[in-house]
Structure formats: C-alpha cells, structure tokens
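Here is how names work: the chains are called A, B, and so on, in the same order as the sequence lines, proteins then strands, and each is numbered from 1.
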There are 2 protein chains.
Amino acid sequence: MIGPADIEASTQPATDAGLAFRRHDHSNCCGGLIARADELAAERGLKLTPVRRRALEILLEEHRALGAYEVLERLAGEGFGNKPPVAYRALDFLVENGMAHRIARLNAFMACMHPGDDHTPMVMICRACRSVAEAPAEPVAAAVAESAASAGFAVEGTVVEALGLCSACRARGEV
Amino acid sequence: MIGPADIEASTQPATDAGLAFRRHDHSNCCGGLIARADELAAERGLKLTPVRRRALEILLEEHRALGAYEVLERLAGEGFGNKPPVAYRALDFLVENGMAHRIARLNAFMACMHPGDDHTPMVMICRACRSVAEAPAEPVAAAVAESAASAGFAVEGTVVEALGLCSACRARGEV
DNA sequence: TCTTGACTGTTACATTATAACATATGATAT
DNA sequence: ATATCATATGTTATAATGTAACAGTCAAGA
Ligand SMILES: [Zn+2]
Ligand SMILES: [Zn+2]
Ligand SMILES: [Zn+2]
Ligand SMILES: [Zn+2]
C-alpha cells in the first residue's frame, strides 16, 4: 500500500532526503519527474530528445548510480546508437541542465530528484545496495564556503559525497 | 625571503589551509613531511619502501594533483617499474595509510599535509593552476553527518572537493 | 529553396584502472 | 644454515571509462 508520505515524497523536494532508500510509489515518482523534465525543457527552450528522455527514464527507473556504459547498453538495446558518445552526450546534457548528477566517486550518474532547483546536492551512496539519494546541501555548502574563504579560495562548484550504509540496508542487518 | 608564517605552515597543521597556494619554504615543507612519513611508518610497522617513499616525494614536490600515470612516468624514469600497477600500488599504500589523498573529481592524487591525523579532508582544487590544498573539514563533516542522519544514513566516509580559483590565481588576475 | 545549427551516429583513440601470475626479498622457525 | 612464509615488486594482458573528429540527418528560419 502506498501511504501519504510516498505521495508527498514526489512533490515536496525539501523533505525527501533519502527517498531512494524508502518504500515509495516508484512509477509515480518516475512519471512525475519525467513530466517535470518536459516542463523544464519547454520553459527553457531545451530539447529533451528521445535519447535524452530515455536516458533520464533509465536513471529514474533505478534510483541507483549507473555507469555511462550501463546506460549505453540499455539505449543500444532500444534502437539507439551503441557507441560511447551516444550515452555520454545524453548524460552530459542531463547533468548540464540539472536533470541528473554525476557521482565523481563512482564514475556514474543518477537522476536528479529536484530538477530545476539549480542545486549542487550532497549525495549519499550506499555501499551495500549501491542506491543513491540526494540530501539538502545548503549547510554543507556553507561550511565548505567558510573553510575555503579562510584560504582565499573562491568556490565555483563542489563535490560532496557521503559513503556508507542506507537505512534500508542497516534495517536489513547489513554490516 | 622565508618568513615566520612559512615555517609555521609546515609545523602547525591547523593553520595551513591553503598552504599550497602561498609562497613558502617548499624544500622545508617537503623534507618535514617525508620525515613525518618515516616516523609514522616506524610507529605503525609500515614499510615505506623506496617506490612508496619516492612516490610520496613526487607528490610533495608538486603541491598539485598528479595522475597515477604522471607519477608512474617519473618513477619509471628513476629505474622503478614502468607498468601501471607499480604506481597504483604505491599510491594506494599512501592513501590507505593517510600519507596521500585521492581526488575523485580529477582521478588524481595529492600528498597529505597532515599525515597521521586520520582525517578526511576537504580539498580545494584550482582550475587555473591545478594546485590543490587541504582545508579543515570538521565543520563540513558535521554538516554532512547531520544531513545524512535525517535520512537514516550512516556515514562511513566522505568526498568533499571544492573547485574554483585559488588566491594566487585570483591575485594574478585569472578569471 | 537553401543555409544554418543542433542532434545523432560512427570511427578511432586516449586515459584510467585492475586481474593474474612470476620473481625477488627479507623475516621467521626449525 | 636453510626451509618456509609473507610481503613487495615487476610483468603481461585486459577491462573500464572517456573524447576528438568527422559524416549524415533534420528541422527552423532566411
Ligand atoms: Zn538534484
Ligand atoms: Zn543500501
Ligand atoms: Zn591530509
Ligand atoms: Zn591557482
């Protein structure tokens, strides 16, 4: 059964930290985010072409970090090109336009859960199930900015990734 | 001329954020850190063998992120093996033992400026000169831990990297 | 219609990283 | 002393990740 919290999760970005780690109406959250991506593209005059749209769907279907070659494999299986640039270009488009994030530590990509926010998220990566989730990064960004400022460093971007065990895996007794 | 601040920088870890970005007595700071690495190895029963020691020196000589193959090239030029595992093994040893850090965003490595602290640092990466520096990460780590906790996520490690312009490059009018 | 620019696809290659096995070396233990 | 063992080094070969450069497609605008 799908409870109110699940519905809320797909519409209340500020409260969905760890969504990927919880039970939720997945088809709903995916559909909602694809719709949101279409809106964004329309608003901004971007072209969410078939490959790009499908790449985003693939990321959304997983709530998990996927390597470019994993995405490529699926795209190729659906009739798109099967050469690396096909995947990298689609993924780069999604990242540049805030619809996906690159995870440096994993050399992988994930769908963004708040497209349009123009945020640099903090990403949590579960080492047991490899699922990933975004968490609010404002406090972290502030701390980074402060440390950097005292070194005279002008921050233009950040990579903040936490590695560990998600709540589901801990509940399941994972060590 | 080498001023007091430069001396201090190599012996007062808590105050050296951004050291790499400033003028300082470089041979002094390198020598001191090699000596510190020797101490650490002795304390912990680690073997800082010739390749490992040389790999660390190479990183120290640069105050800059070096790719594994850059390190390999130098090692090979000095009579060590010239196959990738030679560099990767030395670098992995240094990272595992807190004498160097891996920079996820650059697929590169840097010498640690506070070996023995057992810290996960925040790293600042200058896009103009590619120099890197560590900054205190406690406030950042705290913010990360707090965000993660509200998602039920147990943090075991973090990657915190800031990209931007260092003070030297800004002073030099870099945009 | 004809350009033009953006998108897709391909070839070919560059860069980063690891598995697996062989050899050397130094520290026990007999 | 010498056999044994663990650790470290070196090699071959290959995997995984990422890009440069160019050719064909297609739709929007001159
Ligand atoms: Zn996001
Ligand atoms: Zn998990
Ligand atoms: Zn350090
Ligand atoms: Zn710089």
Side-chain angles (χ1 to χ4, degrees), chain A residues 37-38 41-42 44-59 64-97 99-110 125 130 159 161, chain B residues 37-38 41-42 44-59 64-97 99-110 125 130 159 161:
Chain A
D38 283 326
R44 299 184 189 170
L46 303 171
K47 292 178 195 166
L48 193 59
T49 60
V51 224
R52 294 169 175 178
R53 200 164 192 281
R54 190 63 197 121
L56 178 56
E57 284 171 5
I58 288 167
L59 293 179
R64 175 170 87 82
L66 292 182
Y69 283 77
E70 288 181 276
V71 173
L72 176 59
E73 200 175 343
R74 302 201 197 190
L75 289 173
E78 297 175 21
F80 297 100
N82 69 337
K83 302 295 157 39
V86 169
Y88 281 101
R89 286 196 289 228
L91 291 167
D92 288 349
F93 170 89
L94 296 174
V95 169
E96 272 160 27
N97 294 290
M99 298 169 185
H101 301 293
R102 171 184 282 270
I103 302 170
R105 172 63 185 246
L106 301 178
N107 294 323
F109 301 82
M110 69 183 289
I125 306 162
R130 214 189 166 186
V159 174
E161 297 168 2
Chain B
D38 284 326
R44 300 184 187 170
L46 303 170
K47 292 178 193 165
L48 192 59
T49 60
V51 226
R52 293 169 176 176
R53 199 165 193 281
R54 191 63 197 120
L56 178 56
E57 284 170 6
I58 288 166
L59 293 179
R64 177 171 84 84
L66 292 182
Y69 283 77
E70 288 181 277
V71 173
L72 177 59
E73 200 174 345
R74 303 202 198 189
L75 289 173
E78 298 175 19
F80 296 100
N82 70 336
K83 302 296 157 37
V86 168
Y88 281 102
R89 286 197 288 230
L91 292 167
D92 288 348
F93 171 89
L94 296 173
V95 169
E96 273 160 27
N97 294 289
M99 297 168 185
H101 300 292
R102 169 184 284 270
I103 302 170
R105 172 62 186 249
L106 301 178
N107 293 323
F109 301 82
M110 69 183 289
I125 306 163
R130 215 189 165 186
V159 175
E161 296 169 4

Should A:Arg102 be listed as having a side-chain N or O under 4.0 Å from OP1 or OP2 of D:dG18? yes
Would you say a side-chain N or O of B:Tyr69 is under 4.0 Å from OP1 or OP2 of C:dT16? no
Which nucleotide wins on minimum distance to the side chain of [X], given the candidates [options]?
| X | options | value |
| --- | --- | --- |
| B:Lys47 | D:dA8, C:dA17, C:dT10 | D:dA8 |
| A:Pro84 | D:dT19, C:dT10, D:dT7 | D:dT19 |
| A:Arg52 | C:dT8, D:dA8, C:dT16 | C:dT8 |
| A:Asn107 | C:dT11, D:dT12, D:dG18 | D:dG18 |
| B:Val51 | D:dG10, C:dT10, D:dT12 | D:dG10 |

Can you check the [X] [atom1] to [N] [atom2] distance for me, whole Å?
| X | N | atom1 | atom2 | answer |
| --- | --- | --- | --- | --- |
| B:Glu96 | D:dA8 | CD | C1' | 14 Å |
| A:Lys83 | C:dC13 | NZ | C1' | 14 Å |
| A:Leu72 | D:dA16 | CG | P | 14 Å |
| B:Tyr88 | D:dG10 | OH | P | 17 Å |
| B:Phe80 | C:dT25 | CZ | C1' | 15 Å |
| B:Glu70 | C:dT16 | CD | P | 8 Å |
| A:Asn82 | C:dG9 | CG | C1' | 10 Å |
| B:Leu91 | D:dA8 | CG | C1' | 15 Å |

Where do A:Leu72 and A:Ala87 come nearest, in terms of heavy atoms and distance? CB-CB, 3.6 Å
Least distance between heavy atoms, B:Arg130 atom then B:Ala108 atom: NH2-CB, 3.8 Å
5'-most by nearest nucleotide on DNA chain D - A:Ala108 or B:Arg89: B:Arg89
Residue whose closest nucleotide on DNA chain C lies nearer the 5' end, B:Gly67 versus A:Phe93: A:Phe93
Run through B:Ile125, B:Leu59, B:Ile103 and flag the one making a side-chain contact (heavy atoms from CB on, under 4.5 Å) with B:Met110. B:Ile103
With a 4.5 Å limit on heavy-atom distance, are the side chains of B:Phe109 and B:Val95 in contact? yes
Side-chain contact, heavy-atom cut-off 4.5 Å: A:Arg53 with A:Asp38? yes
With sugar-phosphate meaning primed atoms plus P, OP1 and OP2, does A:Arg53 contact a base, only sugar-phosphate, or nothing at under 4.0 Å between heavy atoms? nothing
